[in-house]
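Protein chains get the first letters and strands the later ones, always in sequence-line order, with residue 1 at the start of each.
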Number of protein chains: 2
Amino acid sequence: MGVSEETKMAAEGDNASKKAAKKAAKAAEKQQKKAEHKAASGQAAPEATEEPDVSLGMYGTYKMIQSSGEHRGRVYTDVKDLSPALVGQTVWVRARLQTSRAKGKQCFAVLRQTSSTVQLIASVDQHTSKQMVKFIGNIPKESIVDVEGSVVKPVSPVASCTVQAVELRAKQLWAVSAARAQLPLLLEDAARPVNEESDAEGLNIRVNQDTRLDNRVIDLRTPANQAIFRIEAAVCRLFRDLLTKQGFVEIHTPKIIPAASEGGANVFTVSYFKGSAYLAQSPQLYKQMAIAADFDKVFTVGAVFRAEDSNTHRHLTEFVGLDLEMAFKFHYHEVLDVIGQTFTDIFRGLRDQCAAEIEAVRQQFKVEPFKFLDPPLKLEFPQAIAMLKEAGVTIGEEDDLSTPDEKLLGRLVKAKYDTDFYILDKYPLAVRPFYTMPDPNNPKSSNSYDMFMRGEEILSGAQRIHDPDYLTERAKHHAIDTEKIAAYIEAFRLGCPPHAGGGIGMERVVMLYLGLDNIRKTSMFPRDPKRITP
Amino acid sequence: MGVSEETKMAAEGDNASKKAAKKAAKAAEKQQKKAEHKAASGQAAPEATEEPDVSLGMYGTYKMIQSSGEHRGRVYTDVKDLSPALVGQTVWVRARLQTSRAKGKQCFAVLRQTSSTVQLIASVDQHTSKQMVKFIGNIPKESIVDVEGSVVKPVSPVASCTVQAVELRAKQLWAVSAARAQLPLLLEDAARPVNEESDAEGLNIRVNQDTRLDNRVIDLRTPANQAIFRIEAAVCRLFRDLLTKQGFVEIHTPKIIPAASEGGANVFTVSYFKGSAYLAQSPQLYKQMAIAADFDKVFTVGAVFRAEDSNTHRHLTEFVGLDLEMAFKFHYHEVLDVIGQTFTDIFRGLRDQCAAEIEAVRQQFKVEPFKFLDPPLKLEFPQAIAMLKEAGVTIGEEDDLSTPDEKLLGRLVKAKYDTDFYILDKYPLAVRPFYTMPDPNNPKSSNSYDMFMRGEEILSGAQRIHDPDYLTERAKHHAIDTEKIAAYIEAFRLGCPPHAGGGIGMERVVMLYLGLDNIRKTSMFPRDPKRITP
């Protein structure tokens, strides 16, 4: 480590303004270097003032934590674990200083760790200097601090914090990592409930989606976002665990592929050494090869890419696919029922395991709880058409459903069956991809299905054609260059069981389960035609 | 479904050669169409021969299974579950016909399901025609068949099958999906143990890696490959479960990124609408942003991309990264110890949960079992240099280890400590990326580490610099355009705890745990500079 770094770090160990401190440190560089190195012992002393400071050595800013060995034995308590059982004890807490407000001889602050908050009070007294109270009042919001505090019972419960039964009295407070003074957005604005008319000061500040995404690191700290991405992790965990228990094998499929799999539209091109390649729009062909290779039941969780210039609330150019594929004996409903039940079990798992997180999201975005049936509702396409016609929609028997039709159908199904999830089976053959198995009993229908949450499609699937000659014929019918999918077709010349499967958009599942209005709320770093940052 | 498809399917329901059958069917198309439709009831009758066939209706080829509703109630038994308890019973099995050999009035066949095999015997008798026995003998290897058979006790245990205590006597046999007669490679060749001198006929046929990969669907059916990818699934499952239990949150990071993160080398370019973008070489910057966003401990499993023209046994251009990142209080060893223990627990989990799969791999690729210590061995870089010097290697204190050095070091460590896994801490600062935290006590060292299995690196990690000014300085020192990583640096201006993490190459872990010689053996559909198919 060079001289400049060392000096810089020493300079940061100062509670004067950074610039002034740096300048001072620069001037004193050569002379003080060695002395500082010995004296600092992990912490820099606060600036001397005229008045004697009784709190000297009890507050300030740490040197950059560089794993030098100090404080290794210190035990920390999580904010969420602060409870009346600890009253009278002294604890260390590392948390963000969400707010701090010095008023005369007192400073009230809120410490936040993940989504848990606790009140911190510092008062000038025989052990606590006014310099220390001022220091706490001046720390930028969102800075990370180490606090040693006594756990005390407040006069009345602290309504503004999640920990209400106790508060902390500051004995020591050290800045671990300072946030900049001017934040690009305020957490309290980002966290404001959508239907709260105005805040305490009568203001009604909202943070728009792009500002949030441009400053995602702060935006993600809101209680709702902390919850959303934990729910998302739970969706993936439940999906995998439920399938693993039923004998599915997790596989990984390549994202770089040699040819555009589904006709060449909406695919991103990659420069691949001296040639070019494409980004996979789905793992489907590979899942199917795994079935032909005797893996019987497989799933995969991974990125899929769509070069579609759709700027809507529900389209991303990159999203996470939860894909599965399964061999069956005689009827694709053997698979359809497994998928349907998996959804039901995921919904139940979320309800039971993520109650606190779901509530945290509801605190900001008021939405009706998600309703589902067990077993799930299964309708056939003609039934859907009939329901839509009855509601006054003009639609042909072989038309695909438009997005508004789907939304309306979702409302009709909800009204009739009281479920936000249902399966729509037997889509018209004409609106499905070439590899979809036609219905043996109706040449205009197919063995394919979509699944819906709150009226939006979240899974598309089908029995796939496993006969190579018939697959070739259907590909040609769809004007697909069979040379380019030769390896795919070849897989079926080596013996392949009948199979079916589907692909689920993970972000859509989370969005619709929670009833959120935009898929960018459920993608940590979303990608759309206009955004590839941060 | 059009006329031609229906005819074609009926034609396939015939045990004459396909071409002849198709021709015949074409001719009879119009007249027979309706009759066939009614009569077939899911199965087509075998070809009539001169002699009366007592097995008529008991063998043949199914019509393409299209979910028409037949046979839905039929119960199947798994090959692995065939046991003496079932002797005297009649069971249905769906399996591949691995081999079949008609000799006079008998046909011996081996049925395979995943990795389990059982002998099937068909003998001409009052219920079984010679036509049926001949039909079974003529089915192409690797075809999928439905067999109704009696479970019987063989005269002596069937040494050539995994199910040795019983065999099946055929009552019915139907081809579900025929493999083509000339397979591109034979499963028995692909499955041959590497150090078996020659086979029963004195031949010594080997299948080279490219032939295997070109015909991956067959290659993946070997017992070793069935096991390898189940072990791989277990590695991912253990990784996630162990971390989830410790409070880690799974996240998903974008693969499409706006700028080449680590200096611009070895990165694939993507056409992104009217601009261009890149494929992420690691999720690291995003993991770190998640830490700055209060997720505290995160992991992610997903594709990472390296446009490196390395054609070696251990490089892929696309692989699966098991990445984790964790905030710590004062010392990065808090994280290092979690990672090290996670590896130990994964190794133990594999040993305990995948014993059968590991044995299946060992049957083909004889390798020593993987040895590990609990807690894992941790060495510091200077110790490694000393061991290498003692072994006669010329190497400087600040040099990175070459691949041969790493291999040698692995052997030295194994000899001295009896472990195939160890952690090497405190790499020279000069050989690590710009965001690596320098060692506070030694300016030439850093708070970084690699982890090794059988002498090959499988994880690289470090404490990251969480101070934005210092990070900027280090980036400039490495000649990195700080404009391009502005969003990354900005994350640390919003308050960020000290943190460390690492990235694991999943395919390498599986390869080295099993002691395999090529990473293409542990990637289901590997990508390298010369291969993007299938």
Side-chain angles (χ1 to χ4, degrees), chain A residues 1 64-68 71-72 114 142-144 177 179-180 217-218 220-221 230 233 236 249-252 254-256 258 268-271 273 277 286 289 292-294 302-303 318 320 330-332 437-438 440 443 447 463 467 487 491 493-498 524-525 527 529 532-534, chain B residues 1 64-68 71-72 114 142-144 177 179-180 217-218 220-221 230 233 236 249-252 254-256 258 268-271 273 277 286 289 292-294 302-303 318 320 330-332 437-438 440 443 447 463 467 487 491 493-498 524-525 527 529 532-534:
Chain A
M1 191 171 61
M64 177 172 73
I65 290 175
Q66 204 177 349
S67 310
S68 61
H71 304 312
R72 286 211 64 185
T114 308
E142 292 296 309
S143 297
I144 296 174
S177 173
R180 66 183 203 197
V217 165
I218 294 190
L220 287 171
R221 293 177 192 164
R230 284 173 168 80
C236 291
V249 179
E250 182 180 19
I251 63 169
H252 298 278
K255 312 309 168 207
I256 295 175
F268 289 114
T269 308
V270 184
S271 298
F273 300 100
Y286 294 96
M289 286 197 246
D294 284 354
E318 176 184 342
V320 175
F330 285 104
H331 203 293
Y332 75 98
M437 183 65 86
N447 294 348
Q463 175 179 357
D467 179 283
R493 295 202 189 281
L494 307 170
C496 182
M524 193 171 262
F525 300 102
R527 297 295 183 247
I532 51 172
T533 55
Chain B
M1 190 170 63
M64 177 171 73
I65 292 175
Q66 204 178 348
S67 310
S68 61
H71 305 310
R72 284 211 65 184
T114 308
E142 294 296 309
S143 296
I144 296 174
S177 172
R180 66 183 203 197
V217 164
I218 293 191
L220 287 171
R221 293 178 192 164
R230 283 173 169 81
C236 290
V249 178
E250 180 178 22
I251 63 169
H252 298 278
K255 312 308 169 206
I256 294 175
F268 289 114
T269 308
V270 184
S271 298
F273 299 99
Y286 294 96
M289 285 197 247
D294 285 354
E318 177 184 341
V320 175
F330 284 104
H331 204 293
Y332 74 99
M437 183 65 85
N447 293 348
Q463 177 179 355
D467 179 283
R493 296 202 188 281
L494 307 170
C496 182
M524 194 171 261
F525 301 102
R527 296 296 182 248
I532 51 172
T533 55

Original post:
For the residue pair B:His331 and A:Arg72, what are the closest heavy atoms and their distance?
Top reply: CB-NE, 3.4 Å
Subject >> B:Ser67 side chain to A:Tyr332 backbone, donor-acceptor under 3.5 Å >> reply: yes
Subject >> Best-contacting candidate, A:Ile218, A:Leu220, A:Ile256, against chain B by heavy atom pairs under 4.5 angstrom >> reply: A:Ile256
Original post:
Which answer fits B:Ala292, side chain, backbone, both or neither, if we ask what part of it has an atom under 4.5 Å from a heavy atom of chain A?
Top reply: both
Original post:
Aromatic rings A:Phe330 and B:His71: how do their planes relate, parallel, tilted or perpendicular, breaks at 30° and 60°?
Top reply: tilted
**OP:** Flag the one option from B:Thr114, B:Thr533, B:Leu494 with the top tally of heavy-atom pairs under 4.5 Å to chain A.
**Re:** B:Leu494
Original post:
Non-hydrogen atoms of chain B under 4.5 Å away: do they reach the side chain of A:Met437, the backbone, both or neither?
Top reply: side chain
Subject >> Region of A:Pro498 in contact with chain B, defined by heavy-atom distances below 4.5 Å >> reply: side chain
Original post:
Looking at B:Glu250, B:Arg180, B:Arg221, which has the largest count of heavy-atom pairs under 4.5 Å with chain A?
Top reply: B:Arg221
**OP:** Would you mind checking which part of B:Glu142 comes under 4.5 Å of any heavy atom in chain A, side chain (CB onward), backbone (N, CA, C, O), both or neither?
**Re:** both
Subject >> B:Asp467 to A:Met64 - nearest heavy-atom pair and separation >> reply: CB-SD, 3.4 Å
**OP:** Against chain A, work out which of B:Asn447, B:Val320, B:Ile532 has the most heavy-atom pairs shorter than 4.5 Å and name it.
**Re:** B:Ile532
Subject >> Donor-acceptor pair, side chain of B:Glu318 and main chain of B:Ala303, under 3.5 angstrom >> reply: no
**OP:** Would you mind telling me which of A:Ser143, A:Gly495, A:Pro497, A:Cys496 has the largest number of heavy-atom pairs within less than 4.5 Å of chain B?
**Re:** A:Gly495
Subject >> Backbone of A:Ile144 reached by a side-chain donor or acceptor of A:Ser177 within 3.5 Å >> reply: no
**OP:** Tell me, please, which residues at least two apart from A:Tyr286 pass side-chain hydrogen bond (donor to acceptor under 3.5 Å, both in side chains).
**Re:** B:Arg527
**OP:** Give the member of B:Pro534, B:Ala233, B:Gly302, B:Ala293 that has the highest number of heavy-atom pairs under 4.5 Å with chain A.
**Re:** B:Ala293
Original post:
chain A heavy atoms under 4.5 Å from B:Pro254: which part of the residue, side chain, backbone, both or neither?
Top reply: both
Original post:
Quick one: what part of B:Val270 sits under 4.5 Å from any heavy atom of chain A, side chain, backbone, both or neither?
Top reply: both
Original post:
Of all heavy-atom pairs between B:Pro438 and A:Gln66, which one has the smallest distance, and what is that distance?
Top reply: O-NE2, 2.9 Å
**OP:** Using non-hydrogen atoms and a 4.5 Å limit, figure out which bit of B:Ile251 sits close to chain A: side chain, backbone, both or neither.
**Re:** side chain
Original post:
Between B:Asp294 and A:Arg230, what is the shortest heavy-atom contact and its length?
Top reply: O-NH2, 4.3 Å
